[in-house]
Amino acid sequence: PTSGSFKLSYYNEYKSYLRDMSRRQNPRRNPTSGGNTESLTLSVNEVILQDVYQLYTEGDDSLLSIAEELNVTMEPPRKKINIMLIGNHSAGKSSFINWYIEETIQKTGVAIETQGFTLVTSGKRRETLTGNATTHFYPMLKELLSTDKIIDYLATEVTTSKQKKFPLITFIDTPGLVDGEMQYPFNVDEAITWMGQKCDLIFVFFDPIGQALCKRTLNIVEKLNEHHGDKIRFYLSKADTAGTETDRQKVLMQIVQELCKRPGLNKAGFDMPTIYIPNLAGDRQRCVNQIEEVCKDIDKSIAHTLQSILNTFDTDCNKLISEIDQTMATDKKNSSHNLKAHSWWILFSTLGYGLFLLLLSNFLLSFVSKKFVDVAVGTYAANIIFDVIDPVKSMVDSIPAESKYQYFGGILAVNVVFFILAKLLSRTKPRLASKTKKLRAKRRSLIQNELQPKQNSMYKKYLQQCGAEE
């Protein structure tokens, strides 16, 4: 085959592969079916998120399809929350991800193991996606490609882990940050700042061994705090390596003092739990491990995101109903306007053409006798014609000969005015086709009687698992 056909074939196979990966991660299922075997292995939150996503995207009756018909801008909800981990190199970011999912996915060590962005997510089979495949798997990352060479430092690790709440999470592991002459292959500060706006949580890990006060880390955190302060959580990672309790308190004080020097980070209610990976502590002196607080923050974010998605679903339904009602009301108003426009057109067109026909008839009948007209159209019709024309003939005959041109010019001007008024006042407004109106009414009934009750049902299911009373 030719080079062009080979490239096209390769590209099509590549897209097919990515679609297969997406289906494996988010298989289609009927949101209304209660006996789906796969749904039995999913948590209530997973099922609700998948159901909401499918109500937005699948079928001609989905919210996005209806929104497209109505020219309403709408985006589908995310099925997972995004959590970005930042910090100096060897701060324990990758180790935390491995601990949370209970698999060794990310490399760990004292050296700078993570040089780019790695997205870790749960799927149907173990898979590693490189830069180009990652941008297809996460279309939002295509905006990041303006950063030079970053595509070579993007990767996705798909794992089958279902531990904790991982099926509802995408972890974003960032490059280890260092000061000094360290050169990154892309603008790491700009890339992390951009990624922060796409995340639900931003975990900042401070390593107590030498790098807790990394200025590059603090600069990025300060910049992120300007717009995403509510997303940021601070942790003293590897707390078991800080020595005695006195040493840990000194490290915490140093970090807090450095943060307080920066106005954007000097705020009330500051909290920095001490955490470490239990199975990596070894024989070192143990300290209070608040790593479960990290899990609680994640759980809270998932719950908040789920509630937000359900609320947004109801808002979007009401938005579409309102848009349908508005278009139907506008169509009714346009119908009334068009009826008046047609009435004005009939009135002024009749006056314009009528005056012209009367003058033309008077002019033509001046060349023929009444007897000729009787023979041509009959006596009864001829009498009617002459009864109508006689007043016009009398008016024309009464005009002085020297003023006839002025009178006829005035009559012609009035005639033109009638035609202009008929043109201006008969302008119509667009109407919906009968088929379109029936479809809009059907869409409105579907949203109000089927989709919104499903939202209430999903909210009830969510609250039941929370132990809320009905």
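Please read these numbers as outputs of a predicted model, since none were measured by experiment.
At most 12 heavy atoms of other shown residues, nucleotides or ligands fall within 6.0 angstrom of atom CD in E68. Atom CH2 of W194 has more than 12 heavy atoms from other residues, nucleotides or ligands within 6.0 Å. H227 NE2: 12 or fewer foreign heavy atoms inside a 6.0 Å radius. Shown here is N449, whose CG atom has more than 12 heavy atoms of other residues, nucleotides or ligands within 6.0 Å. By the 6.0 Å contact criterion, NZ on K198 is enclosed, its count of non-hydrogen atoms from other residues, nucleotides or ligands being greater than 12.
Nearest heavy atom pair, residue C199 against residue K231, reads O-NZ, 2.8 Å. Residue F205 comes nearest to N88 through the heavy atom pair O-OD1, 3.9 Å, listed as atom of the first residue, atom of the second, then distance. Closest heavy-atom contact between I81 and T305: CG2-OG1, 3.4 Å. Nearest heavy atoms, T121 versus I169: OG1-O, 4.0 Å. For the pair N289 and I275, the tightest heavy-atom approach, listed with the atom from each and the gap, is OD1-CA, 3.4 Å. Closest non-hydrogen pair, S161 versus F166, comes out as O-CD2, 3.4 Å.
S65 places a side-chain N or O within 3.5 Å of a backbone atom of G59 that can act as its donor or acceptor partner. Within the 3.5 Å criterion, the main-chain N or O of A441 finds no donor-acceptor partner in the side chain of S445. Not one N or O on the side chain of S336 forms a donor-acceptor pair closer than 3.5 Å with the backbone of K333. Looking at S457, its side chain never comes within 3.5 Å of a backbone N or O of P453 through a donor-acceptor pair. Side-chain N or O atoms of D200 include one that pairs as donor or acceptor with a backbone N or O of N82 at under 3.5 Å. Not one N or O on the side chain of S349 forms a donor-acceptor pair closer than 3.5 Å with the backbone of I346. Under a 3.5 Å cut-off, the side chain of R125 and the backbone N or O of T160 do not form any donor-acceptor pair. Remark: the backbone N or O of D230 is paired with a side-chain donor or acceptor of R233 at under 3.5 angstrom. At distances below 3.5 Å, not a single donor-acceptor pair connects side-chain atoms of S301 with backbone N or O atoms of I298.
To the nearest 0.5 Å, atoms CD1 (I309) and CG (D316) are separated by 11.0 Å. Taking NZ of K93 as the start and OG1 of T174 as the end, the distance is 5.0 Å to the nearest 0.5 Å. Here the CG-CD distance, from L306 to E46, works out to 11.0 Å after rounding to the nearest 0.5 Å. Distance CG/L63 to CG/L55: 7.0 Å, rounded to 0.5 Å. For the atom pair OG1 of T73 and CG of L64, the computed distance is 11.0 Å after rounding to the nearest 0.5 Å. From L119, atom CG reaches atom CG of L129 across 10.0 Å, with rounding to the nearest 0.5 Å.
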Checking side-chain contact (heavy atoms from CB on, under 4.5 Å) for the pair Q307/Y459: CA distance, chi angles, key distance, verdict? CA-CA 8 Å; Q307 294 172 40; Y459 232 133; 4.0 Å; yes
Quick one, I101 with K164, criterion side-chain contact (heavy atoms from CB on, under 4.5 Å). Give me CA distance, side-chain angles, the key distance, then yes/no. CA-CA 7 Å; I101 68 176; K164 304 178 182 65; over 6 Å; no
Could you go through the side-chain contact (heavy atoms from CB on, under 4.5 Å) check for F348 and L424 one step at a time? CA-CA 10 Å; F348 287 107; L424 293 177; over 6 Å; no
Apply side-chain contact (heavy atoms from CB on, under 4.5 Å) to the pair C317 and I447, showing each step before the final yes or no. CA-CA 6 Å; C317 286; I447 295 172; 3.7 Å; yes
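Under the 4.5 Å side-chain criterion, counting only non-hydrogen atoms from C-beta, L446 is in contact with I66. With contacts defined as side-chain heavy-atom distances shorter than 4.5 Å, the pair F234/V221 qualifies. Side-chain contact between V158 and K124 is absent, with no heavy atoms from C-beta onward closer than 4.5 Å. Looking at Y276 and S237, their side chains never come closer than 4.5 Å, going by heavy atoms from C-beta outward. Annotation: side chain of W344 is not in contact with side chain of L421 (no heavy-atom distance under 4.5 Å). Proximity of I321 to Q452: side-chain heavy atoms (C-beta onward) are separated by under 4.5 Å at one or more points. Looking at heavy atoms from C-beta onward, L320 lies in side-chain contact with M74 at the 4.5 angstrom threshold. Between K223 and D189, the closest side-chain pair of non-hydrogen atoms is not below 4.5 Å.
Counting only N and O atoms by type, the side chains of D297 and Y235 include a donor and acceptor under 3.5 Å apart. Of the N and O atoms on the side chains of E103 and T159, at least one donor lies less than 3.5 Å from an acceptor on the other residue. Between the side chains of N71 and E323, no donor N or O sits under 3.5 Å from an acceptor N or O. Side-chain atoms of T134 and T156 form a donor-acceptor pair, as typed in the model, at a separation below 3.5 Å.
Taking the six-membered ring for Trp, Y100 and F171 have ring centres closer than 6.0 Å.
Note on ring orientation: taking the six-membered ring where Trp is involved, the planes of W99 and F96 are tilted (angle from 30° to 60°).
Residue pairs meeting the side-chain hydrogen bond (donor to acceptor under 3.5 Å, both in side chains) criterion with at least one member in residues 427-437, sequence neighbours excluded, are D331-R431, S335-R431. Every pair passing ring-ring contact (aromatic ring centres under 6.0 Å, His included) that includes a residue from residues 294-323 is listed here, sequence neighbours excluded: Y56-F313.
With D173 as the fixed residue, the side chain to side chain contact (heavy atoms under 4.5 Å, CB included) test singles out one of I86, I83, I97: I97.
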